[in-house]
Colleague: 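Take a look at the following structure, please.
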Amino acid sequence: METFLDILKYILPSLVVLATAYLIIRFYMDTEQKRRNLELKRNTMEFSINLRLQAYERLILFLERNHPGQLVIRVHSQGMSADQIHGALMRTVKEEYEHNLSQQLYVSDQAWNMVVNAREELVKVINTAAIELKEDPSSTGLAKLIIEKWMNLEKDPIALSKAVLKNEARALF
């Protein structure tokens, strides 16, 4: 029995030291894992914010490029008929939209809906102007009519969309 107690005298403190070392190492490993997770989350957030900012930039550029004044100037060339410029405008709006379609992943539903509504309003104005064009079947006449119709809108959907996008982008900071 005495040998058992002697062995216990040596083993018991060793077990306490072992348990203490285990707890300290476990605490250190847990803390280190939490630190790595936070670092990973921070890096992911940084990357995500950069992607979102790029999306806001691209959508604002999309809206600027599709403002009727800019669009007509960019698409119009000498000698085009009204039908030709109508087709070119519609094709350009469609291509620009398709090019930026993936940006909806990075902006709110409200902002994306505003962008889509601005595009739809632009298409509606272009088509309405093309249908109503009677007096001057030239491309210049259509361009003027499109710009006039856009300016007569109660609210500029492109300006509204840009305001929403800018507010969301500012909210990231």
Side-chain angles (χ1 to χ4, degrees), residues 1-75 87-127 146 150-151 153-173:
M1 179 82 166
E2 197 173 303
T3 357
F4 178 72
L5 288 175
D6 283 341
I7 292 174
L8 199 57
K9 282 186 212 176
Y10 294 112
I11 291 179
L12 195 56
S14 298
L15 290 176
V16 169
V17 168
L18 181 66
T20 304
Y22 172 78
L23 290 174
I24 289 172
I25 290 172
R26 184 173 174 200
F27 176 76
Y28 172 76
M29 296 299 268
D30 288 346
T31 305
E32 189 63 23
Q33 184 64 36
K34 287 177 185 174
R35 187 192 63 75
R36 276 191 235 124
N37 287 344
L38 285 173
E39 182 70 23
L40 181 63
K41 193 178 231 181
R42 185 181 66 79
N43 289 343
T44 303
M45 289 294 287
E46 242 177 67
F47 183 70
S48 174
I49 286 174
N50 287 338
L51 283 175
R52 289 185 72 194
L53 282 175
Q54 287 175 359
Y56 288 114
E57 289 171 1
R58 285 185 59 180
L59 287 175
I60 286 183
L61 182 60
F62 164 76
L63 292 168
E64 282 294 325
R65 289 176 57 89
N66 282 308
H67 192 280
Q70 296 292 323
L71 185 63
V72 167
I73 291 170
R74 201 170 71 246
V75 172
L89 290 170
M90 296 303 291
R91 188 173 42 260
T92 302
V93 170
K94 180 182 179 211
E95 288 171 358
E96 289 271 345
Y97 177 75
E98 288 174 352
H99 182 71
N100 290 291
L101 197 57
S102 64
Q103 303 311 311
Q104 67 183 302
L105 290 171
Y106 306 107
V107 298
S108 73
D109 289 339
Q110 177 197 10
W112 180 251
N113 288 335
M114 295 289 290
V115 170
V116 169
N117 289 339
R119 177 189 156 268
E120 288 172 356
E121 191 65 35
L122 175 63
V123 167
K124 186 171 117 181
V125 166
I126 293 170
N127 286 332
I146 290 170
W150 190 263
M151 291 175 64
L153 291 175
E154 190 174 312
K155 293 182 180 177
D156 183 348
I158 289 179
L160 294 173
S161 298
K162 285 174 28 183
V164 168
L165 290 168
K166 286 177 183 180
N167 286 336
E168 281 190 17
R170 287 182 190 118
L172 292 176
F173 298 102

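Please read all numbers here as calculations on a predicted model, not as lab measurements. Quick note: numbers below take in every heavy atom, side chains included, and nothing from hydrogens, waters or symmetry partners.
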Colleague: Just wondering, do Leu172 and Glu168 contact through their side chains at under 4.5 Å, heavy atoms?
Modeller: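 When only atoms from C-beta onward are counted, Leu172 and Glu168 do not touch, as no gap falls below 4.5 Å.
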Colleague: What I'd like to find out is whether the side chain of Leu122 reaches to under 4.5 Å of the side chain of Trp150, using heavy atoms alone.
Modeller: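 Yes; the side chains approach each other to less than 4.5 Å.
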Colleague: Please lay out, stage by stage, how Asn100 and Leu61 fare under the test side chain to side chain contact (heavy atoms under 4.5 Å, CB included).
Modeller: CA-CA 10 Å; Asn100 290 291; Leu61 182 60; over 6 Å; no
Colleague: Would one find more than 12 heavy atoms of other residues, nucleotides or ligands at under 6.0 Å from atom OH of Tyr56?
Modeller: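 Count over threshold, so yes.
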Colleague: Would the number of heavy atoms belonging to other residues, nucleotides or ligands and lying under 6.0 Å from CZ of Arg36 be above 12?
Modeller: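 Yes - once you tally the heavy atoms of other residues, nucleotides and ligands closer than 6.0 Å, there are more than 12.
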Colleague: Measure the shortest side-chain to side-chain distance between Lys162 and Ile158 over non-hydrogen atoms and say whether it is less than 4.5 angstrom.
Modeller: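 The answer is yes; the side chains approach within 4.5 Å.
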Colleague: Rounded at 0.5 Å granularity, tell me how far CD in Gln33 sits from CG in Leu40.
Modeller: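 Atom-to-atom, Gln33:CD and Leu40:CG are 9.5 Å apart.
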Colleague: In Å and rounded to the nearest 0.5 Å, what is the OH to CG distance from Tyr97 to Asn66?
Modeller: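 Answer rounded to 0.5 Å: 11.5 Å.
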Colleague: Could you grab the distance from atom OG of Ser14 to atom CG of Leu8, nearest 0.5 Å is fine?
Modeller: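 CG of Leu8 is found 10.5 Å from OG of Ser14.
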Colleague: Check Ser161, Pro157, Ser108 against Met114 for a side chain to side chain contact (heavy atoms under 4.5 Å, CB included) and give me the one that passes.
Modeller: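 Checked Ser161, Pro157, Ser108 against Met114; only one passes side chain to side chain contact (heavy atoms under 4.5 Å, CB included): Ser161.
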Colleague: I want to check something: taking the side chain as every heavy atom from C-beta on, are Leu71 and Ile126 in contact at a cut-off of under 4.5 Å?
Modeller: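 Yes, side chains in contact.
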Colleague: Under 4.0 Å between a side-chain nitrogen and a carboxylate oxygen: does that hold for Arg42 and Glu46?
Modeller: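 Yes, this pair counts.
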Colleague: Any side-chain heavy atom of His67 within less than 4.5 Å of one from Asp156?
Modeller: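 With C-beta onward as the side chain, the pair touches.
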Colleague: Could you walk me through whether Val75 and Arg91 satisfy the side chain to side chain contact (heavy atoms under 4.5 Å, CB included) test, starting with their C-alpha distance in whole Å, then the side-chain angles of each, then the deciding distance to 0.1 Å, before giving a yes or no?
Modeller: CA-CA 10 Å; Val75 172; Arg91 188 173 42 260; over 6 Å; no
Colleague: Are side-chain heavy atoms of Arg65 and Thr92 found at a separation under 4.5 Å?
Modeller: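 Heavy-atom side-chain distance check fails, nothing below 4.5 Å.
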Colleague: Starting at CH2 of Trp112, measure out to CG of Asn117 and round the result to the nearest 0.5 Å.
Modeller: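 One gets 11.0 Å once the value is rounded to the nearest 0.5 Å.
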Colleague: Does atom CG of Asp6 have more than 12 heavy-atom neighbours, drawn from other residues, nucleotides or ligands, at distances under 6.0 Å?
Modeller: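 It does: Asp6 CG has more than 12 such atoms within range.
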Colleague: List the steps, then state whether side chain to side chain contact (heavy atoms under 4.5 Å, CB included) holds for Val115 with Val107.
Modeller: CA-CA 10 Å; Val115 170; Val107 298; over 6 Å; no
Colleague: Would Glu96 and Arg74 pass as an ion pair if we require N to O under 4.0 Å?
Modeller: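 Answer for the salt bridge query: yes.
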Colleague: In Å, rounded to the nearest 0.5 Å, how long is the span from CD1 of Ile7 to CD of Glu2?
Modeller: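 These two atoms lie 11.5 Å from each other.
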Colleague: Answer whether the closest heavy-atom distance between the side chains of Arg119 and Val93 falls below 4.5 Å.
Modeller: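 With C-beta onward as the side chain, the pair touches.
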Colleague: Distance from Leu15 atom CG to Tyr10 atom OH, nearest 0.5 Å?
Modeller: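 Interatomic distance, Leu15 CG to Tyr10 OH, rounded to 0.5 Å: 15.0 Å.
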Colleague: Look at Lys124 together with Glu120 and state whether they make a salt bridge at an N to O cut-off of under 4.0 Å.
Modeller: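 Not counted as a salt bridge, because no side-chain N and carboxylate O are separated by less than 4.0 Å.
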Colleague: With side chains defined as the heavy atoms from C-beta onward, is the minimum distance between Arg58 and Gln103 less than 4.5 Å?
Modeller: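 The answer is yes; the side chains approach within 4.5 Å.
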Colleague: Scan Ile24, Leu23, Asp30, Thr31 and name whichever one has a side chain to side chain contact (heavy atoms under 4.5 Å, CB included) with Phe27.
Modeller: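 Of all the options given, the one that passes is Thr31.
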